[in-house]
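What follows is one structure encoded as structure tokens, with my remarks underneath.
Labels below follow one simple rule: chain letters A, B, ... track the order of the sequence lines, proteins then strands, and each chain is numbered from 1.
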Amino acid sequence: MKYHELPQPDQIETRVKEDAMGAYFMMFATSAIGIPLPLLNLVAAIIYYYVNRSKGKFVQFHTLQSLYSQIPVTLLNSGLVAWTIVNFVGDLNFTSFYWGYLVMVATANLVYFIFSIVGAVKARKGVFYYFLFFGKVAYHQVYQIRPERDSATLRNRPPGR
Amino acid sequence: MQRSILRDLLVLLGVFGLIWLAFSLFSYPEDPQLLSIEKEERLGEAYVDLILLNPMFREFENRQVDSAIRVIGDRLEGGLHDSEYNYRFVVFDSEMINAFTVPGGNILISTGLIGFCDTPEELASVMAHEMGHVEERHVLSRLVKELGIEILTSGDQYVIGEVTGLLTSTSFDRKQEEEADLFAAHLLEESAIEPRTLATLFRKLEEEMDNELMKHFEIISTHPNFRFRIREALSFKPAEDFEAKPIELDWEEIRGEL
């Protein structure tokens, strides 16, 4: 499996670095609506990805990494909101499994928050920062050389012999 | 690369799965506030039904006594603001001087206690004290602490039987008794009943402290700190415009029915 060569920090334009950083900070901007309605946070991340994906592989990598890592966090948060509502509406007990889940979700959010801050700072410096699992998935998806896809996007080609 | 991605995924799932499991097994201090009033009332009804099946707590059915208790209860409930409980006062036939609270706003009063009180206001002060335990959810706190919410709400008949045993011998800690005393003083004031009647009752109870008939009475469970509670009850200052209105009952006639 072959991958495109990674650009070094001095080869990346400042504007591109800022767009990559924005992928992580966008999550904070939408967190106000994301707490009661976690899925809206994810929708915002998806929109950001589609708006910025054409700005180069560096931006694409960071937006995808941010988006992918947000998916499980959003699902976990949605599960917590749903479980809490069901407990209140159905007058059910808050079992120890609920509290365990609550702690797990809180931990996931905290880890996501810390990694996002670090990711944003690194992106602003033009550095690649890989989250566990999600970083590799994003890298694989963006930087893997796929002849059929890459040749289709190449408009300028060397002259034929 | 794909193998490394899979490994990372397993690490993530393992770590977070373990966090969930570990914190599920962890024992949390349970909060009685997590049990709704409706559920508490349903539980309370089941407990009261079982308690009244016990020959020691057989219900005392007498229209005059019931109506007198209702008059006092209505006066006190009128002084309550924003209570979520529907109070139920049940008189049981026992010479023991006793009253206790069952979850869900149920207060059980012995005929012995009614006979012990020289005025309806004295009985009102005991009832107000028990209502303090209800509003502060003291009984529920104790049950939740001792049994946990899951066992308590299991609906298992055996568990309900065990819980009723605990309820009839309930004692609270000093802080809870003082909270209930303070609540009672405020409630009596709001109900236009002299709040310091509580001190009068405490003094009478103290004089009878060695009486075998009082050995299960929860209100005196903080002995030897009883003197402090008498002092606190006496030092309660009602508002300047407070005016006590007597409870219109022929108390001697009521006591004659016992």
Side-chain angles (χ1 to χ4, degrees), chain A residues 1-4 6 61 64-65 68-77 79-80 83-112 114-115 129-146, chain B residues 1-46 84-85 103-104 137 140-141 143-156 159-160 163:
Chain A
M1 215 171 281
K2 288 184 178 174
Y3 292 89
H4 288 285
L6 294 182
F61 164 77
L64 257 191
Q65 175 165 257
Y68 284 158
S69 55
Q70 199 166 353
I71 290 171
V73 175
T74 302
L75 291 177
L76 288 172
N77 289 348
L80 183 66
W83 198 342
T84 308
I85 290 172
V86 166
N87 273 5
F88 273 112
V89 173
D91 198 13
L92 302 172
N93 295 333
F94 289 84
T95 59
S96 55
F97 279 107
Y98 173 87
W99 297 116
Y101 183 75
L102 180 79
V103 173
M104 190 259 282
V105 172
T107 311
N109 277 279
L110 184 68
V111 170
Y112 173 62
I114 293 168
F115 271 66
Y129 178 67
Y130 304 101
F131 291 5
L132 191 71
F133 176 68
F134 305 104
K136 285 177 186 168
V137 174
Y139 169 77
H140 177 73
Q141 188 163 342
V142 175
Y143 281 95
Q144 190 196 0
I145 295 172
R146 294 190 180 92
Chain B
M1 173 63 88
Q2 276 163 338
R3 188 169 291 178
S4 146
I5 288 173
L6 186 65
R7 191 194 59 214
D8 283 4
L9 178 63
L10 291 176
V11 168
L12 271 181
L13 291 176
V15 167
F16 283 94
L18 273 178
I19 290 175
W20 187 356
L21 187 69
F23 282 91
S24 295
L25 297 175
F26 182 77
S27 175
Y28 297 91
E30 292 185 281
D31 185 353
Q33 300 298 335
L34 294 172
L35 200 69
S36 69
I37 302 283
E38 292 74 25
K39 191 172 268 186
E40 188 191 333
E41 285 181 337
R42 282 200 300 277
L43 281 173
E45 273 174 38
E84 293 181 76
Y85 290 97
R137 305 190 95 179
L140 200 65
S141 301
L143 291 176
V144 166
K145 197 173 161 189
E146 287 181 8
L147 301 172
I149 285 181
E150 280 186 69
I151 293 178
L152 199 61
T153 57
S154 66
D156 186 289
V159 172
I160 292 175
V163 171

Gap between atom OG1 of A/Thr107 and atom CZ of B/Phe23 - 0.5 Å precision: 6.5 Å
Gap separating the CG atom of A/Leu102 from the OG atom of B/Ser24, nearest 0.5 angstrom: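 Between A/Leu102 CG and B/Ser24 OG, I get 10.5 Å after rounding to 0.5 Å.
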State, to 0.1 Å, how close [X] and [Y] come at their nearest heavy-atom pair, and which atoms those are.
X        : Y        : answer
B/Ile19  : A/Met104 : CG2-CA, 3.7 Å
A/Phe97  : B/Trp20  : O-NE1, 3.0 Å
A/Phe134 : B/Leu12  : CE1-CD1, 3.6 Å

Steps toward side-chain contact (heavy atoms from CB on, under 4.5 Å) verdict (B/Gln2, A/Lys136): CA-CA 9 Å; B/Gln2 276 163 338; A/Lys136 285 177 186 168; over 6 Å; no
